[in-house]
*Asks:* 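Let me give you the structure first, and then I'll get to my questions.
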Amino acid sequence: MRSRPSPHPRRAVGPTLGTALALPAGSPLTRSFVLPLALTVGMAGALVAVGQPAEASTGAGAAAAAVGHASGGYPGHGQHADLGRETIAADDGWAAWSGPTFPEGVERQAAPTTGGAAAAPAEVYEVDTWQELRDALAGRPGGSQTDARTNQVPRIVYVTGEVDAFTAADGTRLTCEDFAAQVTVADTGEPFSMDDYIAHFDPSGPWGWTAPSGPLEEARVRAASVQAAQTQQHVGSNVTIVGVGDDARISGANVRVRDAHNVILRNMRFSDGYDCFPQWSPGDGDAGNWNSAYDNVSLWTSTSVWVDHSTFDDGAHPIESLPVVFGRPFEVHDGLLDITHGSDLVTVSYNEFLNHDKTMLIGSSDSRLQDRGQHRVTLHHNYWQDIGQRAPRVRFGDVHAYNNYYRQTRRQAEAGGFQYYWGAGKESSLVVENNAVSLARGTDPALVVGAYGGTMISESGTVLNGRQADLLAAYNAKAATPLAEEARWTPSDAYRYRPLPAAAVPWVVTTFAGAGVLDSDLPS
């Protein structure tokens with residue numbers, strides 16, 4: 001790990017490049033801009049055409065300029081920026097909000113997210129290995145996960161290249177077999193093996209459809225703990241983790257922001273939070289399921305978090321590569337970005353979520369009544385391609401999803417697996433506004449909305465396959481219990497923003513979302 005000074009500290013720099021096209025009212029930047037011809041909208045709001053133009057036109061350049069100067073996070077090509085000292089812009093969703101929050105019922109006073117912008121020179125790190133990243137987050141070489149979780153010293157961590165969680169401190173590449181070999185099955189004295197586990201709990205054999213238990217299940221749990229000690233990494237408070245250049249990646253890890261506040265994750269690719277030892281749950285659904293323990297990124301009991309210009313995917317183990325075991329996909333991933341256990345005041349902006357099933361869960365359980373009033377999240381200008389569900393699924397929270405682009409390709413439609421995008425869970429209030437949805441031919445628009453114990457959802461301004469659409473009405477027309485077309489809150493009461501018309505969203509999002517779009521550099 002190389003600790004290096006930042007000679008030009010820039011604390012609380014105010015509105016920065018890369019936040020949202022949610023422009024503060026009255027700002028000199030809250031003016032109209034010219035859209036590409038392919039995105040022109042008529043006076044009545046009728047869409048002429050939608051899609052990313054093959055070549056950027058003069059109009060596209062004007063739109064790009066407006067995004068770059070108004071939405072934050074896009075300094076422009078050739079202008080390398082130190083993203084580590086940047087903070088969230090005023091009014092950029094819930095993460096820019098000030099006021100009380102109550103994770104686990106304990107009051108905190110939240111302020112707009114600054115991450116590690118106040119870091120002293122000694123707390124600025126450049127890392128390119130898993131061990132260096134762990135040491136930087138712990139605040140000392142060889143520090144524990146408790147150190148990392150409880151550390152509140154402002155820190156900036158610059159990630160260069162790929163950081164692989166399956167790499168030991170000495171550089172050795174680890175495998176699932178290496179973890180399993182450290183565990184002995186109690187009744188046989190043999191090392192644990194997932195092959196033995198699968199053979200023993202095969203529902204077509206003597207074990208049947210009873211939930212796994214006994215020495216093999218106990219050994220699986222212990223093997224999972226061995227893996228967690230290697231590949232799960234906690235992130236504490238007052239931290240910025242930022243990728244440098246266009247190839248910064250954390251792979252194989254579960255990055256868990258836990259019991260923390262004031263955290264920024266930017267310009268990173270989070271790939272393949274791989275679980276070597278998923279659990280067979282025969283009672284999960286009609287046919288059972290394999291359930292994994294790890295998200296690429298998890299927010300647990302954390303507040304004031306900004307996740308921006310990052311890419312989330314399954315890396316070397318995409319959905320189509322998973323084998324089928326007991327008639328079900330052998331699922332080695334959980335969520336891409338889950339926001340649970342009372343996490344609150346989160347903005348997720350200009351990210352990509354790619355080719356994954358359970359993408360974003362907001363709220364972990366219907367039984368966690370202490371999460372009432374929490375889970376306030378803003379999602380804007382994100383790109384969701386070929387995802388199965390949870391974009392997002394919400395429990396309890398006041399969630400605002402605007403100017404996102406949801407795209408299903410023909411490949412996913414033919415493979416199956418699409419369930420829904422917007423999931424209304426227990427006591428949730430989801431506002432979806434000016435989003436663009438592209439569904440493959442044959443996919444029922446009524447599937448876009450899902451109800452999982454919720455009673456309401458507010459939808460407006462949606463464009464479906466180039467035409468204005470009311471997807472909540474499509475759902476309600478077929479639902480046994482329709483959802484109320486309302487929300488218990490109004491986003492403009494919490495923060496000021498100005499959404500783009502949905503017709504502009506596909507081009508803007510596919511052009512500016514994801515890791516590697518921002519020009520970034522190490523502090524000079």
*Asks:* Taking the basic N atoms (NZ, or NE/NH1/NH2) and the acidic carboxylate oxygens, is any pair closer than 4.0 Å for Glu86 and Arg266?
*Replies:* yes

*Asks:* Does Ser302 reach the main-chain N or O of Ala260 with its side chain, forming a donor-acceptor pair under 3.5 Å?
*Replies:* yes

*Asks:* Does the Thr378 side chain pair with the main chain of Gly93, one donor and one acceptor, at a distance under 3.5 Å?
*Replies:* no

*Asks:* Any donor and acceptor pair, going by atom type alone, linking the side chain of Gln233 with main-chain N or O of Ala253 inside 3.5 Å?
*Replies:* no

*Asks:* Classify the angle between the aromatic ring planes of Phe353 and Phe312 as parallel (below 30°), tilted (30 to 60°) or perpendicular (above 60°).
*Replies:* parallel

*Asks:* Using the test side-chain contact (heavy atoms from CB on, under 4.5 Å), find all partners of Ala110 that sit at least two apart in sequence or belong to another chain.
*Replies:* Thr101, Ser304, Leu345

*Asks:* Does a donor on one side chain and an acceptor on the other come within less than 3.5 Å for Gln412 and Asn355?
*Replies:* no

*Asks:* With a 4.5 Å limit on heavy-atom distance, are the side chains of Phe270 and Ser310 in contact?
*Replies:* yes

*Asks:* For the atom pair CZ (Arg393) and CG (Leu361), what is the distance rounded to the nearest 0.5 Å?
*Replies:* 6.5 Å

*Asks:* Could you report the tightest heavy-atom contact between Gly243 and Ala248, atom names first, then the distance?
*Replies:* CA-CB, 3.4 Å

*Asks:* Do you know which two heavy atoms are closest between Tyr383 and Ala513, and how far apart they sit?
*Replies:* CB-CB, 4.5 Å

*Asks:* Are any side-chain N or O atoms of Arg155 and backbone N or O atoms of Leu137, one a donor and one an acceptor, separated by less than 3.5 Å?
*Replies:* yes

*Asks:* What closest approach, in Å, do Tyr158 and Pro523 show between heavy atoms, and which atom pair accounts for it?
*Replies:* CZ-CD, 3.5 Å

*Asks:* What salt bridge (charged side-chain N to carboxylate O under 4.0 Å, His left out) pairs are there with at least one residue in residues 250-262, not counting sequence neighbours?
*Replies:* Arg149-Asp259

*Asks:* Can you check whether Asp246's main-chain N or O pairs, donor with acceptor, with Asn267's side chain at less than 3.5 Å?
*Replies:* no

*Asks:* Does Thr113 reach the side chain of Thr87, with side-chain heavy atoms less than 4.5 Å apart?
*Replies:* no

*Asks:* Nearest 0.5 Å please: distance from the CG atom of Asp295 over to the CD1 atom of Ile339.
*Replies:* 10.5 Å

*Asks:* For Thr160, does its backbone N or O pair with a side-chain atom of Glu126 as donor and acceptor, under 3.5 Å?
*Replies:* no

*Asks:* Who passes salt bridge (Lys or Arg N to Asp or Glu O under 4.0 Å) against Glu177, sequence neighbours left out?
*Replies:* none

*Asks:* Under a 3.5 Å threshold, yes or no: a donor from one side chain and an acceptor from the other, between Glu352 and Tyr405?
*Replies:* no

*Asks:* For Asp147, which residues count as a side-chain contact (heavy atoms from CB on, under 4.5 Å) partner, sequence neighbours excluded?
*Replies:* Ala138, Arg140, Ser144

*Asks:* When you compare the side chains of Ser271 and Asp313, does any donor N or O come within less than 3.5 Å of an acceptor on the partner?
*Replies:* yes

*Asks:* Between Pro491 and Val431, which heavy-atom pair has the shortest distance, and what is it?
*Replies:* CG-CG1, 4.1 Å

*Asks:* Please list, chain by chain and in numerical order, all residues satisfying ring-ring contact (aromatic ring centres under 6.0 Å, His included) with Phe102, sequence neighbours excluded.
*Replies:* none

*Asks:* List the atom of Gly252, the atom of Thr231, and the distance in Å for their closest heavy-atom pair.
*Replies:* O-CB, 3.6 Å

*Asks:* Ring centroids only, cut at 6.0 angstrom: are Trp489 and Trp94 within range, meaning strictly under it?
*Replies:* yes

*Asks:* Determine whether the side chains of Gln152 and Asn238 contain a donor N or O and an acceptor N or O closer than 3.5 Å.
*Replies:* no

*Asks:* Could you tell me whether a side-chain N or O of Thr359 sits under 3.5 Å from a main-chain N or O of Asp357, the two making a donor and an acceptor?
*Replies:* yes

*Asks:* State which residues pass side-chain hydrogen bond (donor to acceptor under 3.5 Å, both in side chains) with Ser365; sequence neighbours excluded, sorted by chain then number.
*Replies:* Ser367

*Asks:* Start with the C-alpha distance between Arg407 and Asp386, add both sets of side-chain angles, then the distance that settles salt bridge (charged side-chain N to carboxylate O under 4.0 Å, His left out), and finish with yes or no.
*Replies:* CA-CA 6 Å; Arg407 179 170 177 250; Asp386 287 345; over 6 Å; no

*Asks:* Using the ring of each side chain (for Trp, its six-membered ring), is Trp507 parallel, tilted or perpendicular to Phe512, with breaks at 30° and 60°?
*Replies:* perpendicular

*Asks:* Please check: side-chain N/O of Arg395 versus main-chain N/O of Gly363, any donor-acceptor pairing under 3.5 Å?
*Replies:* yes

*Asks:* Which value, rounded to the nearest 0.5 Å, describes the distance between His356 atom NE2 and Asp314 atom CG?
*Replies:* 5.0 Å

*Asks:* For Asp178, enumerate each residue passing the side-chain hydrogen bond (donor to acceptor under 3.5 Å, both in side chains) test, keeping only those at least two apart in sequence or located in another chain.
*Replies:* Thr175

*Asks:* Looking at Asp92, Thr347, Asn403, which one forms a side-chain hydrogen bond (donor to acceptor under 3.5 Å, both in side chains) with His380?
*Replies:* Asp92

*Asks:* How are the rings of Phe396 and His375 set to each other: parallel, tilted or perpendicular (split at 30° and 60°)?
*Replies:* tilted

*Asks:* Does anything in residues 371-385 pair up under salt bridge (charged side-chain N to carboxylate O under 4.0 Å, His left out), and if so which pairs, sequence neighbours excluded?
*Replies:* Asp344-Arg376, Arg368-Asp371, Arg372-Glu427

*Asks:* By side-chain hydrogen bond (donor to acceptor under 3.5 Å, both in side chains), which residues pair with Ser237, not counting sequence neighbours?
*Replies:* His261

*Asks:* Using the side-chain hydrogen bond (donor to acceptor under 3.5 Å, both in side chains) criterion, which residues pair with Gln370? Sequence neighbours excluded.
*Replies:* none

*Asks:* Could you note down all residue pairs passing salt bridge (charged side-chain N to carboxylate O under 4.0 Å, His left out) where residues 163-176 supplies at least one of them, sequence neighbours left out?
*Replies:* Asp164-Arg173

*Asks:* Where do Ser298 and Asn254 come nearest, in terms of heavy atoms and distance?
*Replies:* OG-ND2, 3.1 Å

*Asks:* His341 vs Trp300 aromatic rings, parallel, tilted or perpendicular, using cut-offs 30° and 60°?
*Replies:* parallel

*Asks:* Scan side-chain atoms only and decide if Asp272 and His333 contain a donor-acceptor pair under the 3.5 Å cut-off.
*Replies:* yes

*Asks:* Suppose we screen for side-chain contact (heavy atoms from CB on, under 4.5 Å). Which residues come up paired with Asn404, at least two apart in sequence or across chains?
*Replies:* Leu379, Asn382, Trp384, Ala401, Tyr406, Asn435

